[in-house]
Amino acid sequence: MKAVTRDITIVSRLGADERTLAFDVLDGLTRPFKEIPPKHFYDTEGARLFDEITRLPEYYPTRCERAILEARAADIVRDTGAAELVELGSGVPTKTLLLLDAMRAAGTLDRYVPFDVSEVVLRESAENLVERYPGLRVVGVVGDFERHLGALPPAEGPRIIAFLGGTIGNFPPGTRRKFLRALRRALRPQDVLLLGTDLVKDPAVLEAAYNDSAGITAAFNRNVLAVINRELDADFDLDAFEHVAFYDREQEWIEMRLRALTPQVVEIRKLGITVHFANREELRTEISAKFTRERLEADFAAAGLGLRSWMTDPDDLFALSVAGPARR
Ligand code: SAH
Ligand code: AVI
């Protein structure tokens with residue numbers, strides 16, 4: 001499906017036959033250790049809650065990544081001569097403005113290609129951006145970046161593919177490398193990957209970021225149950241689950257879970273299944289891997305990518321990397 005208004009084209013790969021929530025719920029809630037992949041957080045309410053998270057005092061990644069971009073966006077744009085910016089998991093594109101401003105200042109800005117599962121947020125941001133940058137063409141892709149990278153429009157000029165916010169950390173390690181290989185295939189020699197990664201640090205700082213005192217992360221976490229209730233005609237009682245987030249020091253990742261406060265019996269009518277939770281049984285909803293430079297370089301190397309630039313905030317909490325096809 002394709003719709004064009006003014007300088008905006010939106011390509012949707014999530015059609016009415018989209019079965020992934022149904023598949024993921026059936027697969028993930030009928031296992032001994034229950035799990036739902038984090039992409040299902042982001043309905044309109046989930047995207048709004050995530051946006052609130054980014055402004056919380058405890059949630060440092062967004063602030064740090066913005067600080068790095070404020071300092072380095074002009075260098076990144078100068079080094080690449082980028083005319084187009086592809087942004088995977090674009091969400092509400094606020095930090096993106098720093099890159100688009102730098103491209104406009106360099107006189108190269110031509111096209112922005114946001115890619116997200118969240119169609120409402122993508123359409124709103126496309127409208128805002130064509131207002132803000134006269135002459136900018138926006139080609140939005142509504143899809144799942146794990147399955148629909150092929151829907152990206154062919155590059156027309158030097159291209160930055162940005163994957164910001166540390167979202168790469170939400171993939172399990174094997175999937176992460178597979179995804180990086182797919183990104184490598186999408187890059188021509190003149191293109192680069194701009195990747196945001198949260199870094200390994202004091203577990204107390206990490207755990208505070210995912211257990212904020214205002215309870216926004218808890219609401220974001222429980223929202224996945226509201227998505228399942230609405231989309232699959234289920235009857236989860238959101239108040240019967242508590243938010244859990246902890247740092248796993250061996251895996252070097254944060255895990256978010258929902259823990260049943262009492263035994264629960266949940267009907268998921270569209271799937272025709274009944275799911276039982278024992279007292280205090282947990283459902284994993286997200287991992288958020290934390291990186292070291294060495295780990296990331298190893299991941300890049302395994303995917304045929306080479307690190308070209310490593311930029312951190314002054315406290316070394318977050319890193320932004322520029323990577324390109326490995327030079328032999
Ligand atoms: N880039 C923004 C938003 C990060 S939140 C920032 O740095 O603040 C993660 C975003 O990725 C959300 O907008 C969510 O809808 C999107 N997302 C998560 N999984 C996705 C998937 N599999 N395919 C496409 N988009 C996805
Ligand atoms: C989008 N992603 C990088 C966020 C993270 O930190 O892993 C999602 C999030 N989960 C809880 N808080 C924020």
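Here the structure is a predicted model, which is why all the values come from computation and not from measurement. Order of appearance sets the numbers: ligands from 1, and atoms from 1 within every ligand.
Of all the atoms in ligand 1, the ones that sit under 4.0 Å from a non-hydrogen atom of T167 are 4 (C), 9 (C). Counting the atoms of ligand 1 from 1 in the order shown, those under 4.0 Å from a heavy atom of V117 are 15 (O), 17 (N), 23 (N), 24 (C), 25 (N), 26 (C). Atoms of ligand 1 lying under 4.0 Å from at least one heavy atom of G91, given by number and element, are 13 (O).
The shortest contact between atom 15 (O) of ligand 1 and any protein heavy atom is with D116 OD1, 2.5 Å. Taking atom 22 (N) of ligand 1 as the reference point, the nearest protein heavy-atom neighbour is D144 OD1, 2.9 Å. Counting protein heavy atoms only, atom 19 (N) of ligand 1 is closest to K39 CB, 3.4 Å. With hydrogens left out, the protein atom closest to atom 10 (C) of ligand 1 is G89 O, 3.5 Å, a heavy atom.
Residues T312 and D316 bring a donor and an acceptor atom of their side chains to less than 3.5 Å of each other. Using modelled atom types and a 3.5 Å distance limit, the side chains of D43 and N223 yield a donor-acceptor pair. Under 3.5 Å, the side chains of S213 and E58 contain a donor-acceptor pair of N or O atoms. With hydrogens and angles left out, the side-chain atoms of Y59 and T54 include no donor and acceptor closer than 3.5 Å. Side chain to side chain, E84 and Y112 fail the donor-acceptor criterion of an N or O pair below 3.5 Å. If you check the side chains of K201 and Y60, you find a donor sitting under 3.5 Å from an acceptor. Of the N and O atoms on the side chains of N279 and T262, not one donor lies less than 3.5 Å from an acceptor on the other residue.
At least one heavy atom of G143 sits closer than 4.0 Å to an atom of ligand 1. Using a 4.0 Å cutoff on heavy atoms, T62 does not count as a contact of ligand 1. Using a 4.0 angstrom heavy-atom cutoff, K95 counts as in contact with ligand 1.
Salt bridge annotation for E281-R259: absent, with no cationic side-chain nitrogen under 4.0 angstrom from a carboxylate oxygen.
Legend: residues meeting side-chain contact (heavy atoms from CB on, under 4.5 Å) with A219, ordered by chain and number and at least two apart, are L49.
Pairing each heavy atom of V117 with each of K39, the nearest pair is CG2-O, 4.3 Å.
Atom CZ of R249 is surrounded by 12 or fewer heavy atoms from other residues, nucleotides or ligands within 6.0 Å.
Distances from atom 4 (C) of ligand 1 to the heavy atoms of F115, F41, F171, F50 put F50 nearest. In the candidate list P38, A162, S90, G165, S90 is nearest to atom 2 (C) of ligand 1, counting heavy atoms.
Remark: side-chain polar atoms of D313 are paired, donor with acceptor, to backbone N or O of L317 under 3.5 angstrom.
When only interatomic distances are considered, the shortest N/O to N/O separation between F145 and ligand 1 falls below 3.5 Å.
Closer than 4.0 angstrom to ligand 2 by heavy atom are Y42, F50, I53, Y59, G165, G166, T167, N170, Y210, T217, F220, M256, E286, S288, sorted by chain and number.
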